[in-house]
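Following: one structure in structure tokens, then a few remarks.
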Amino acid sequence: MQRAASKIEMTTDTAVPQITPAPGAAGDSSLITHHSSLSAYRAPLSNTWWLRNRRYTRFMLREFTAVPITLWLLSLLIVLARVRSGAGSGAESPLGSPAYVVFSVICLIFALYHSWTWLGISGLILRIPLGERDLPPRLVTAANYALWGVASVVIGGALILLWR
Amino acid sequence: MTSVQAEGTRALRKADMSHAIWWGLFAVGGMVAAVLVPIHILAQGILGPLGIVPVVSSSYDTLAAALANPLVRLYLFVLISAPLFHAAHRTRFLLIDLGLHGGRTLIAVLCYGGAILGTLVTAYILATI
């Protein structure tokens with residue numbers, strides 16, 4: 001959907017907007033103004049279209065990873081919100097409970113899937129100019145995976161040192 | 001260019017601007033979620049509680065001690081708030097993909113508004129600990 005949007009964006013830079021003509025509508029310039037009102041025609045689609053093949057399901061799974069990631073971060077936020085009243089009382093935070101570990105394992109699986117897919121396509125999205133060409137996408141992807149590794153070591157190390 | 005076309009171009013530019021801002025926040029949040037979140041969940045949510053590495057104690061006192069460091073608070077602010085905008089953007093289009101075609105504006109306002117609210121709450125909590 002973002003790629004489709006970028007196709008529209010490009011037309012703002014050209015004198016004559018070039019929008020891929022819909023079947024049967026070639027040469028109809030009145031379509032351009034319809035399009036600019038952002039109310040493009042939508043083909044009817046069943047709400048379970050993403051179960052139809054594995055690629056669509058993987059796409060939905062990838063988009064869904066944001067939900068468990070957010071839930072985990074909100075759980076951390078709830079613990080942080082309780083620190084002020086909890087400190088000094090000797091109370092235990094829910095961070096140590098077995099249920100929280102299970103919850104974290106589930107969220108981690110989704111988080112790893114997000115990292116893998118996000119960094120995997122980062123080379124196609126991040127364009128780094130190098131002379132007249134761009135840095136090869138594969139190098140950008142590799143650099144991002146390396147960044148992930150370094151950040152994991154640094155953050156992991158810091159968490160061990162700080163929160164001992 | 002006719003006035004109708006000029007108006008259309010202006011509308012597109014405006015849409016582009018808001019698209020660029022939300023997409024930019026989505027990208028930053030996605031990067032933070034990809035690079036920082038897995039190790040944090042692994043360390044604080046799994047290895048620490050299981051006692052495999054001495055990451056975090058389950059008592060609030062040690063958390064309070066760690067949070068005395070402003071760098072820890074800044075890190076936690078970025079760790080929590082940036083992925084909220086990533087999730088807002090993804091949820092917005094996830095809901096549309098799942099068939100909620102009506103109320104697109106409402107969906108966008110709820111998703112991005114939720115991310116903004118979450119960011120303010122995170123900032124408040126971290127500032128008043």
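It should be emphasised that the depicted structure is a prediction, and the values quoted were computed from it without experimental measurement. Any value given below was found using the heavy atoms of this structure, including those in side chains, with hydrogens, waters and symmetry copies removed. To find a chain, count down the sequence lines: A is the first, B the second, and so on, and within it residues start at 1.
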_Please tell me whether A/F59 and A/W50 form a close aromatic pair, meaning their ring centres lie under 6.0 Å apart._
no
Does any heavy atom of chain B fall under 4.5 Å from the side chain of [X], the backbone, both, or neither of them?
| X | answer |
| --- | --- |
| A/S75 | neither |
| A/L147 | both |
| A/L108 | both |
| A/V79 | both |

When you compare the side chain of [Y] with that of [X], does any pair of heavy atoms fall below 4.5 Å?
| X | Y | value |
| --- | --- | --- |
| A/W49 | A/M60 | yes |
| A/L77 | A/L74 | yes |
| B/V37 | A/H114 | no |
| A/F103 | A/L71 | yes |

*Between A/G149, A/S152, A/A151, which shows the greatest number of heavy-atom pairs under 4.5 Å with chain B?*
A/S152
_Between A/Y145, A/W148, A/W118, the one whose heavy-atom pairs under 4.5 Å with chain B are most numerous_ = A/W118
*Spacing of CZ belonging to A/F110 relative to CG belonging to A/L112, to within rounding of 0.5 Å*: 11.5 Å
*asked:* Rounded to the nearest 0.5 Å, what separates atom NE2 in B/H86 from atom CH2 in B/W22?
replied: 15.0 Å
*Do the rings of B/H40 and A/W72 sit parallel, tilted or perpendicular, given the 30° and 60° boundaries?*
perpendicular
*Given the options B/L98, B/L94, B/V121, which has more heavy-atom pairs under 4.5 Å with chain A than any of the others?*
B/L98
*Taking B/G51, B/A27, B/A65, B/G118 one by one, which has the highest count of heavy-atom pairs under 4.5 Å against chain A?*
B/A27
Considering only heavy atoms, which portion of [X] lies under 4.5 Å from any heavy atom of chain A: side chain, backbone, both, or neither?
| X | value |
| --- | --- |
| B/L84 | side chain |
| B/L126 | side chain |
| B/I125 | side chain |

